[in-house]
Amino acid sequence: MKSPLAPGIRLLTSFSRDGCYRGFILFLTFLFYTAYHLSRKPISIVKGELHRNCSTVIRPADLNITNNETWCDWAPFDQDNYQTLFGMLDNCFLVAYAIGMFFSGIFGERLPLRYYLSFGMMMSGMFTCLFGLGFYLKIHSIYYYAVIQVFNGIMQTTGWPAVVACVGNWFGKGKRGFIMGVWNSHTSVGNILGSLIAGAFVSSAWGMSFIVPGLIIASTGVLCFFFLVEKPEDVNCTTPHRHREQQSSETEPLLQKSSHIDRTANGAINVEPSEVTVEPSEVTVEPTEAISFREALSIPGVVEFSLCLLFAKLVSYTFLYWLPLYISNVAHFDAKEAGDMSTLFDVGGIVGGITAGLVSDYTGGRATTCCFMLIAAAPMLFLYNYIGQSSIGATVGMLLLCGGLVNGPYALITTAVSADLGTHESLRGNSRALSTVTAIIDGTGSVGAAVGPLLAGLISPTGWNNVFYMLISADLLACLFLTRLVYKEAQGWCRRSP
């Protein structure tokens with residue numbers, strides 16, 4: 001008579017081989033993009049240290065100074081135009097990122113993802129470290145930091161299309177919104193860790209605020225080279241079913257239930273009993289050629305979601321790069337305290353991304369979910385600017401709420417929506433379109449990410465109120481571009497209702 005298995009062993013044996021690989025890939029790609037965002041965050045934390053009110057800082061007795069308010073600032077950010085210079089550095093990174101993203105998807109479809117990601121992370125780590133070395137080498141040239149930002153922005157484009165394509169290869173559409181909502185929390189987790197790591201060094205040696213994140217992302221690049229598996233078939237795992245819609249995608253929500261077809265390693269077809277049976281003759285061979293840029297744009301919904309993300313990402317990245325400085329200026333916190341407080345916005349973003357994924361899975365309405373959250377975000381941004389700094393409790397609550405409503409649609413569009421459109425039924429099973437579609441959507445959004453911090457740098461000298469009016473306007477414009485898709489989703493629900 002066999003002895004009963006220990007609970008831990010029963011738990012381990014309950015996982016299938018496919019499930020273990022999928023969980024491992026989800027964890028790896030989560031780790032990779034956490035490192036990408038972790039290495040982007042230091043610049044927003046260090047701004048408060050590069051330029052601060054030196055009249056409140058204890059001056060060394062042997063220091064001969066001519067300006068009591070700028071003696072502790074880091075040149076060239078000790079001038080009155082420091083906000084413009086900060087905006088220029090942000091823009092150097094973000095414009096390079098936006099332009100490079102359109103090409104990154106094309107490369108990602110044609111190069112092995114493992115090599116592509118490994119190279120990108122190690123190079124991004126090198127440029128992040130070079131920025132921090134400016135502190136130790138006492139470099140005060142704005143051109144040095146601008147060039148570093150440009151090359152780092154280009155290297156950072158290797159991340160998003162590649163990790164989304166990899167996750168899309170391993171997971172079907174059944175619970176994609178929820179899975180990717182949880183998975184996309186890497187963006188906020190990376191921002192939080194980046195803020196905490198940068199904040200730990202910012203007051204003593206701000207160069208380490210860049211060097212440590214740079215070493216971390218370079219290390220994950222090495223990890224990627226040794227462990228990433230791009231596709232299930234590479235390790236003889238079952239490939240996820242491809243979405244097959246029964247009606248036109250123009251008149252139905254992006255996510256719908258369809259027959260679950262899995263092709264095993266020996267070519268057999270497994271169909272879940274509760275689903276529609278599909279004859280083997282109906283299964284077509286997956287195309288091997290990558291689609292063109294023009295073909296990707298013709299996929300229904302790509303243009304609308306791309307334009308929506310342009311304005312949604314404008315809002316999100318303005319907070320990413322300027323929130324610590326705003327808190328420091330308005331609430332009069334030091335650089336470390338402002339950086340720590342800004343992480344609450346990202347904590348809210350984690351909850352918002354998961355909530356958006358769950359709601360869109362349940363309703364099948366990706367566009368409607370995004371539109372609702374965008375509409376709700378506008379008045380919350382207005383309230384945060386006017387009452388958000390009245391007390392610690394108000395600051396915490398408003399940051400969490402604004403973070404969820406701002407980052408929820410951004411997270412949903414860059415993950416589940418991109419993956420849905422990249423495996424759209426009009427592509428006839430061509431999975432190689434996923435990276436290109438992801439790059440188009442995120443590349444368009446990155447244009448907004450570049451414009452937002454630049455506008456914040458130009459507008460903030462006129463008052464922070466005007467910055468928030470700009471963010472509210474962008475939020476409403478993002479919602480406007482989804483109106484056609486929301487209408488189509490509503491039509492689909494009406495047709496299915498009894």
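In this structure, the side chain of S104 engages the main chain of T157 through a donor-acceptor pair within 3.5 Å. Put simply, the side chain of K41 gets close to the backbone of L320: a donor and an acceptor are under 3.5 Å apart. With hydrogens and angles ignored, the 3.5 Å screen pairs a side-chain donor or acceptor of W493 with a backbone N or O of T363. Using a distance-only test at 3.5 Å, with no hydrogens or angles considered, no donor-acceptor pair links the side chain of Q149 to the main chain of D90. Side-chain N or O atoms of T220 include none that pairs as donor or acceptor with a backbone N or O of L223 at under 3.5 Å. When atom types are taken as modelled, the side chain of N169 and the backbone of A165 share a donor-acceptor pair closer than 3.5 angstrom. In terms of modelled atom types and a separation under 3.5 Å, the side chain of S124 and the main chain of G120 share no donor-acceptor contact. With T395 contributing its side chain and S391 its backbone, the two residues share a donor-acceptor pair below 3.5 Å. Using a distance-only test at 3.5 Å, with no hydrogens or angles considered, no donor-acceptor pair links the side chain of S188 to the main chain of S185. Looking only at distances, a side-chain donor or acceptor of H51 sits under 3.5 Å from a matching main-chain atom of F77.
S342 OG to E337 CD: the interatomic distance, rounded to the nearest 0.5 Å, is 12.0 Å. F319 CZ to D346 CG: the interatomic distance, rounded to the nearest 0.5 Å, is 11.0 Å. Considering CG of L471 and CG of L476, their distance stands at 11.0 Å, rounded to 0.5 Å. The line from CD1 of I25 to SG of C166 is 5.0 Å long, rounded to the nearest 0.5 Å. Here S446 contributes atom OG and L314 contributes atom CG; the two are 11.5 Å apart, rounded to the nearest 0.5 Å. N91 CG to Y321 OH: the interatomic distance, rounded to the nearest 0.5 Å, is 10.0 Å.
Nearest approach of F210 to P213, heavy atoms of both residues: O-CD, 3.3 Å. Minimum interatomic distance between G365 and E489 (heavy atoms only, all atoms of both residues): CA-OE1, 3.3 Å. D340 and L196 get closest at one heavy-atom pair: OD1-CD2, 3.5 Å. For the pair M373 and A356, the tightest heavy-atom approach, listed with the atom from each and the gap, is SD-CB, 3.7 Å. Between G125 and I217 the shortest heavy-atom distance is CA-CG2, 3.3 Å. Summarising the geometry of P324 relative to A338, their closest heavy-atom pair is O-CB, 3.3 Å, with the distance given to 0.1 Å.
Judged by a 6.0 Å distance limit and a 45° cone about the ring axis, K47 is positioned over the six-membered ring of W322.
Of the residues L405, N407, L374, L381, the one that meets the side chain to side chain contact (heavy atoms under 4.5 Å, CB included) test with V315 is L381.
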| query | Hey, mind stepping through V451 and L454 against side-chain contact (heavy atoms from CB on, under 4.5 Å) and telling me if it holds? | reply | CA-CA 5 Å; V451 172; L454 176 64; 5.7 Å; no

| field | L400/F345 under side-chain contact (heavy atoms from CB on, under 4.5 Å): CA gap, chis, key distance, verdict | value | CA-CA 5 Å; L400 290 171; F345 185 83; over 6 Å; no

| request: Tell me, with the steps shown, if Y33 and W160 meet ring-ring contact (aromatic ring centres under 6.0 Å, His included). | output: CA-CA 7 Å; Y33 214 70; W160 191 241; 4.8 Å; yes

| field | Chi angles and distances behind the side-chain contact (heavy atoms from CB on, under 4.5 Å) call for F93, N152 | value | CA-CA 7 Å; F93 176 92; N152 197 14; 4.1 Å; yes

| task | Run the numbers on M123 and F127 for side-chain contact (heavy atoms from CB on, under 4.5 Å), then give the verdict. | result | CA-CA 6 Å; M123 292 300 293; F127 287 116; 4.0 Å; yes

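Using the six-membered ring where Trp is involved, F311 and F481 have ring planes that are parallel, under 30° apart on the 30 and 60° scheme.
Between R366 and D361 there is a salt bridge, since at least one side-chain N of the basic residue sits less than 4.0 Å from a carboxylate O of the acidic one.
Between D78 and Y82 the shortest side-chain heavy-atom distance does not fall below 4.5 Å. Between K313 and D442 the shortest side-chain heavy-atom distance falls below 4.5 Å. In this structure, the side chains of I45 and S209 stay at 4.5 Å or more apart for every pair of heavy atoms. Between L412 and S360 the shortest side-chain heavy-atom distance falls below 4.5 Å. Within the 4.5 Å cutoff, the side chain of L89 has heavy atoms near those of the I142 side chain. Using a 4.5 Å heavy-atom threshold, the side chains of L344 and M341 count as touching. In this structure the side chain of F201 never reaches within 4.5 angstrom of the side chain of W206, judged on heavy atoms. In this structure, S44 and L323 have side chains that are not in contact, with every pair of non-hydrogen atoms separated by 4.5 Å or more.
Applying the 6.0 Å contact sphere to CZ of F27 captures no more than 12 heavy atoms from other residues, nucleotides or ligands. In F151, the CZ atom is not crowded: 12 or fewer heavy atoms of neighbouring residues, nucleotides or ligands sit closer than 6.0 Å.
Residue pairs meeting the side chain to side chain donor-acceptor pair (under 3.5 Å) criterion with at least one partner in residues 467-480, sequence neighbours excluded, are Y386-Y469.
A donor-acceptor contact under 3.5 angstrom links the side chains of T29 and W183, judged on distance only. Judged by distance alone, the side chains of T158 and Y36 do bring a donor and an acceptor atom under 3.5 Å apart. Looking at Q491 and Y487, their side chains do bring a donor and an acceptor atom within 3.5 Å of each other.
Aromatic ring centroids of Y326 and F468 lie under 6.0 Å apart.
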